[in-house]
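Counting starts at 1 for both ligands and their atoms, in listed order.
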Amino acid sequence: MRSLSNKLLLAFFLSVSVLQANSQTMDEMWDSRSSDQEHPNIGWFKDAKFGMFIHWGLYSKLAGEWKGKRYYGSGEWIMNQARIPIAAYSKEAATFNPTNFDAEKWAQLAEDAGIKYMVITAKHHEGFSMFDSKVTDFDIVDATPYKKDPMKALAQSTRKRGIQFGFYYSQFQDWYEPNGGKNTWDFDESKKDYQQYYNNKAIPQLKELMTNYGPLGIVWFDTPGGLTKEQTNDFIKGLRKLQPNSLFSSRVGHGLGDYRDYGDSEIPATPIKGAWESIYTHNDSWGYIKHDMNFKTPREIVHLLAQVASKGGNLMLNVGPDGTGKIPEYSEKFLRETGKWLARNGESIYGSTYGLVPAQPWGVSTSKPGKQYLHVLNRPLDGKLVIPGFKANVKSVSILGGPAAVLFKKRGDVLEISLPAGDAANLGTVCVVNYAGKLADLDLNAPVSISSQFESNYVEAIFGKPQGKTTVRSLTYSHYYGDWKHTTCVTGMQDSSDAITFQLNVLNPGDYQIIAEYSCPEESAKLEGSLHVQDQQYLFRTLRTSEFVKSAPLMFIKHTLATTTFSTPGVYPVVLRPAGSGKELFKLKSLILKPVR
Ligand code: FHN
């Protein structure tokens, strides 16, 4: 009787797990909550700021192509995208021979790039182990002509350079195992026994990884599933005993990780306290695809790093080596350029926390005690950097890697810095403001600065104050398969009681065009809306762009709604709302203030 009820309970638990696993949303797969208890070893991670992610597996050899057909987007998903049966996929191991792999070269690249930690895929969803595992023969030592364990060498080469080393491990999805998550083309998901898979593969393999490769900075779990919170707790506890100092990513699930990872390629809209990380691909795919050449430029990488650091987080940027073990040429080249910038400007990134200067058209800021680092991502035309609301006493201003002292003026709370002549080759100038006393914490409600010294001033959705049913939220979509994008937009404005108000701090009087940057599906096209500024109402009709679907680009239009003259500097509210009632007006990404030339 007792064993029957146990079996029933187990069957119930399994069917609930199956349901849960199949109905997971992206937010559940990207669990971005972390434990309330700070990990005692979190310090190095908070200071590190720049990590290298490496996706490398059997999929790297396929390079985005299967049976003459090319696949785009996430190359490591090719087995799933092409529904390749295990029998055919596993044969690829017989010719996987990454003889170009050179641990020293990879680690040297990381060091040259200014990378402080590296996380590499030990086993991705395909189920192939890139390390020597006694748990399975489907691993690089047993199943390939290469026969060596590249992870041993890489762990040594990185550590020797003072770079923290960690493993990515897909703890739930394993398309090779009958009881692993999410291979629905070879197996019936409803018949799977996830516990069996956890007990016989995931846990023993994680134990191998945490025993045989020295101290691991991070175990980077991904796409949780099949375990309750209690079971996840037990799973974590068992592993922690082996290496109490290792940090676990939040994708271990149920809010039990040591730091937060946001969605793939996502930066939170506002600064976040505590330890967290943004993860980005260098091109479109995580795993190598030979026809993916959309590499972020050195300037784009530096700006991304500054953006993430200005909100208090780390950037972990992915590279995808090919099946021979070679890192793409442009990844090498552009990362080395980034490293040169960091060699000069690293003080503003490493060990910093989020910036205290509110939104400015010239860029973003990062902080250290007594210092604000101003990252000039857009240079003002007149070379004068204006920082309103800077209440502390400024002692000096300098440029990292440049003049030790630059001229500045303080008029009340407005700090004005005279930038030295521009250096076009510089990927981003950083001004250091040394100050005495205390600056107040960042005020997200502070008015957004608008200046005539820029071609355009972007006021992001997050700075609007919503009213009625209006909400500001992040919309997630992709261009190619799995290359996620996130845009924070004002949504839900349906009738005239709904509105969004932006407070603009106009620094230079003059004529400005007011442009709304929005996305508008067919059902919202031709709706009437109104914009209020300086006691004037301007009416407009929405223009159709694209539907909001997960698997296609979300298109935005820049629609000029009004031209206005601000005759004196000061704070001006701008209000947008639907004129009638019915459907959502549009999804507003930003308000753009463009000085009239
Ligand atoms: O499905 C994976 C994907 O292949 C890749 O590994 C990324 C990296 O964050 N994580 C998962 C999706 O979010």
Side-chain angles (χ1 to χ4, degrees), residues 21-22 24-34 51-60 62-64 71-82 84 89 117-130 166-176 180-184 202 218-226 247-253 257 259-268 276-289 292 296 304 308 313-321 331 474 476-486 550-551:
N22 286 334
Q24 270 182 329
T25 63
M26 288 319 288
D27 279 347
E28 282 158 351
M29 305 236 293
W30 291 332
D31 194 329
S32 61
R33 299 162 300 162
S34 64
M52 181 188 269
F53 211 177
I54 303 181
H55 275 63
W56 195 41
L58 269 190
Y59 45 80
S60 314
L62 297 181
Y71 291 81
Y72 290 80
S74 279
E76 70 288 357
W77 274 75
I78 193 165
M79 181 179 177
N80 179 303
Q81 270 193 290
I84 307 174
Y89 194 82
Y117 63 103
M118 179 188 280
V119 174
I120 183 165
T121 48
K123 186 206 73 165
H124 203 268
H125 310 331
E126 63 175 358
F128 183 70
S129 307
M130 290 294 286
F167 284 123
Y168 167 109
Y169 191 87
S170 172
Q171 77 269 34
F172 168 59
Q173 291 198 65
D174 190 315
W175 304 331
Y176 183 76
K182 302 261 172 117
N183 178 340
T184 50
I218 293 176
V219 182
W220 212 93
F221 294 97
D222 198 12
T223 64
L247 305 175
F248 292 174
S249 69
S250 57
R251 292 190 189 173
V252 73
Y259 65 86
R260 304 171 73 168
D261 264 298
Y262 286 87
D264 291 353
S265 310
E266 181 173 29
I267 305 180
W276 62 272
E277 176 184 66
S278 269
I279 42 174
Y280 270 80
T281 46
H282 187 199
N283 43 355
D284 288 325
S285 173
W286 302 94
Y288 177 74
I289 286 191
D292 177 358
K296 290 172 188 68
L304 196 57
V308 175
N314 290 5
L315 171 69
M316 180 158 74
L317 186 69
N318 182 75
V319 298
S331 292
S474 171
T476 298
Y477 52 96
S478 57
H479 288 184
Y480 288 136
Y481 187 89
D483 69 333
W484 299 106
K485 320 274 175 217
H486 310 265
K550 245 169 76 173
S551 55

For ligand 1, which atoms sit closer than 4.0 Å to a heavy atom of W77? 1 (O), 2 (C), 3 (C), 4 (O)
Quick check: do D483 and T281 have side-chain heavy atoms less than 4.5 Å from each other? no
Under 3.5 Å between some N or O of ligand 1 and some N or O of T223? no
Residues two or more places apart in sequence or in another chain: which of them pass side chain to side chain contact (heavy atoms under 4.5 Å, CB included) with N283? D292, F295
Taking only non-hydrogen atoms of W30 and a 4.0 Å limit, the atoms of ligand 1 in range are 12 (C), 13 (O)
If I apply the N/O under 3.5 Å rule, does W286 come out as touching ligand 1? no
E126 side chain to L58 main-chain N or O, any donor-acceptor pair under 3.5 Å? yes
Under a 4.0 angstrom heavy-atom cut-off, which atoms of ligand 1 come close to Y168? 6 (O)
Per-atom contacts of ligand 1 with I279, taking only distances under 4.0 Å to non-hydrogen atoms: 9 (O)
Quick test: of every protein heavy atom, which one is nearest to atom 11 (C) of ligand 1, and how far off is it to 0.1 Å? D222 OD2, 2.9 Å
Check this for me: Y480, atom OH, are more than 12 non-hydrogen atoms of other residues, nucleotides or ligands nearer than 6.0 Å? no
Do the ring planes of H124 and Y59 sit parallel (below 30°), tilted (30 to 60°) or perpendicular (above 60°)? perpendicular
Within ligand 1, which atoms have a heavy atom of D264 less than 4.0 Å away? 7 (C), 8 (C), 9 (O), 10 (N), 11 (C), 12 (C), 13 (O)
F53 ring center within less than 6.0 Å of W220 ring center: yes
Does at least one non-hydrogen atom of W484 fall below 4.0 angstrom from an atom of ligand 1? no
Polar side-chain atom of D264 near backbone of W484 as donor-acceptor pair, under 3.5 Å: no
Please check if any side-chain donor atom of Y168 sits under 3.5 Å from a side-chain acceptor atom of D222, or the reverse. yes
For a side-chain hydrogen bond (donor to acceptor under 3.5 Å, both in side chains) with T223, tell me which candidate from Q173, K182, R251 qualifies. Q173
Q173: heavy atom below 4.0 Å from ligand 1, yes or no? no
Atom indices of ligand 1, in the order listed, that fall short of 4.0 Å to a heavy atom of E76: 3 (C), 4 (O), 5 (C)
Identify the closest protein heavy atom to atom 1 (O) of ligand 1: which residue and atom is it, and at what distance? H125 NE2, 2.7 Å
Using a 3.5 Å cut-off on N or O atoms only, is H55 in polar contact with ligand 1? yes
Contact region, W220 to ligand 1, non-hydrogen atoms below 4.0 Å, reads side chain
For ligand 1, which part of M29 has a heavy atom less than 4.0 Å away: the side chain, the backbone, both, or neither? neither
Of all the heavy atoms in R251, does at least one lie under 4.0 Å from an atom in ligand 1? yes
Without swapping roles, check the side chain of S32 against the backbone of R260 for a donor-acceptor pair under 3.5 Å. no
